[in-house]
Amino acid sequence: MELKQAPDKNLAFELLRVTESAALAAARWLGKGAKEDGDGAAVDAMRQSFNSISVKGRIVIGEGAKDEAPMLYNGELVGDGSGPEIDIAVDPVEGTNLLALGRPNSIAVIGACKAGGMYDPGSSYYMKKLVVGPAARDVVDIDAPVEDNLKAVARALGKDVNDITVFVLDKPRHKQLIADIRKAGARITLQTDGDVAGSLMVVDPNVDVDVMMGTGGTPEGVISACAIKGLGGQIFGRFDPQSQAERDAMIKEGTRLDEVLSVESIIRADDAFFAATGISGGTFLGGVAYTGSGAVTHSLMIRAKTGTFRYLEAHHNLERLMKFSSVRYD
């Protein structure tokens, strides 16, 4: 008789408390044109919330080096010191410009996996990405022409290329990419920011986005991989340094610039966890809505081992919450 493993703790629930805290703090700054203040509020809330989480966590993807970020810096230890040892990737506000301008799809996100299982991008800030959902994970090639990949995705999904929607960051570097996608006949959703949100749209079965293409953040790619792994999709990435300084630093670290990363090489652990809470309302997650007595948040939780994803609407009584919480939400 085959022995089955008993269900163990789903850390996504713990991480959710942290993203909710960051979203509630950051949303006070929605549309106020002060992205540093909004990000700072989220970082402070996230760091304090980590103190109550029963893990031995190490920040692999954070706000930067210790001398640049007083909290949630790369290498910082978080959690109460008990529980499992895990690697953590955080973005307290993914889309700080979106938050500052009051635009959709700003989110608070965390990805995590067993210690030693998360890829550390080092000095790499940018990479070319190709993200697809489960049906197309084995039919695309990051080195193939844009049209070939779009046709392959269309066949895998049982669609015509004209029905495919591609997420692309609206950046000058993508001028040729956008032209190639349009020439192939696919539709495009252009977004100014939101690399992680774009990946989530692709792998979320409830959102009509089929592919993400283009150069975005390497750290954001690592965070996204936690969600992509859980929902069975694929991310391919090739380093695309945008400055000579970035290129030189990567070479000095011994990074192979021609290496192609995948979800399997980015998150090497069997299990991974992901949590995201909407700050501004968006395509797949509602934003923080303040009521007379509190606030409502909308979140997504994913566990890779089981492939389970949950949407959660939470109603927060801020007056009661702040009686025992060290985080300020007013």
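We use all heavy atoms of the structure for the numbers below, so side chains are in, but hydrogens, waters and symmetry mates are not. Residue indices begin at 1 and follow the sequence shown.
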Would you check if [X] and [Y] make a side-chain contact, meaning some heavy-atom pair closer than 4.5 Å?
| X | Y | answer |
| --- | --- | --- |
| S299 | E20 | yes |
| D37 | K32 | no |
| L285 | L200 | no |
| N105 | M201 | yes |

Does E220 come within less than 4.0 Å of K129, counting only side-chain N to carboxylate O? no

With no hydrogens and no angle check, is any side-chain donor or acceptor of [X] less than 3.5 Å from a backbone partner on [Y]?
| X | Y | result |
| --- | --- | --- |
| E94 | D195 | yes |
| N149 | D141 | yes |
| H298 | G287 | yes |
| D271 | K305 | yes |
| E313 | Y311 | no |

Between the CG atom in L300 and the CZ atom in F274, the distance rounded to the nearest 0.5 Å is 6.0 Å

NE2-CG distance between H316 and L24, expressed to the nearest 0.5 angstrom: 5.0 Å

Taking atom [atom1] of [X] as the centre, does the number of heavy atoms from other residues, nucleotides or ligands within less than 6.0 Å exceed 12?
| X | atom1 | result |
| --- | --- | --- |
| Y126 | OH | no |
| D80 | CG | yes |
| F284 | CZ | yes |

State which residues pass side chain to side chain donor-acceptor pair (under 3.5 Å) with [X]; sequence neighbours excluded, sorted by chain then number.
| X | result |
| --- | --- |
| D143 | R238 |
| E85 | none |
| Q234 | E264 |

Could you pull out all residues at least two apart from L101 that satisfy side chain to side chain contact (heavy atoms under 4.5 Å, CB included)? R103

Should the pair R303 and F13 be classed as cation-pi, given the thresholds of under 6.0 Å to the six-membered ring centre and 45° from the axis? no

Among Ile, Leu, Val, Met, Phe, Trp and Tyr joined by side-chain contacts under 4.5 Å, find the other residues sharing a cluster with L72 and list them by chain and number. L11, L15, V18, V43, M46, F50, I53, V55, I59, M71, V78, I86, I88, V90, I110, F273

Anything under 3.5 Å between a donor and an acceptor, one on a side chain of residues 155-172, the other on a protein residue two or more places apart or in another chain? List them.
residue: K159; atom: NZ; partner: D210; partner atom: OD1; Å: 3.0
residue: K159; atom: NZ; partner: D210; partner atom: OD2; Å: 3.4
residue: D160; atom: OD2; partner: N162; partner atom: N; Å: 2.8
residue: D160; atom: OD2; partner: N162; partner atom: ND2; Å: 3.2
residue: D163; atom: OD2; partner: D160; partner atom: N; Å: 3.4
residue: T165; atom: OG1; partner: R187; partner atom: NE; Å: 3.2
residue: T165; atom: OG1; partner: R187; partner atom: NH2; Å: 2.7
residue: K171; atom: NZ; partner: T192; partner atom: O; Å: 3.0

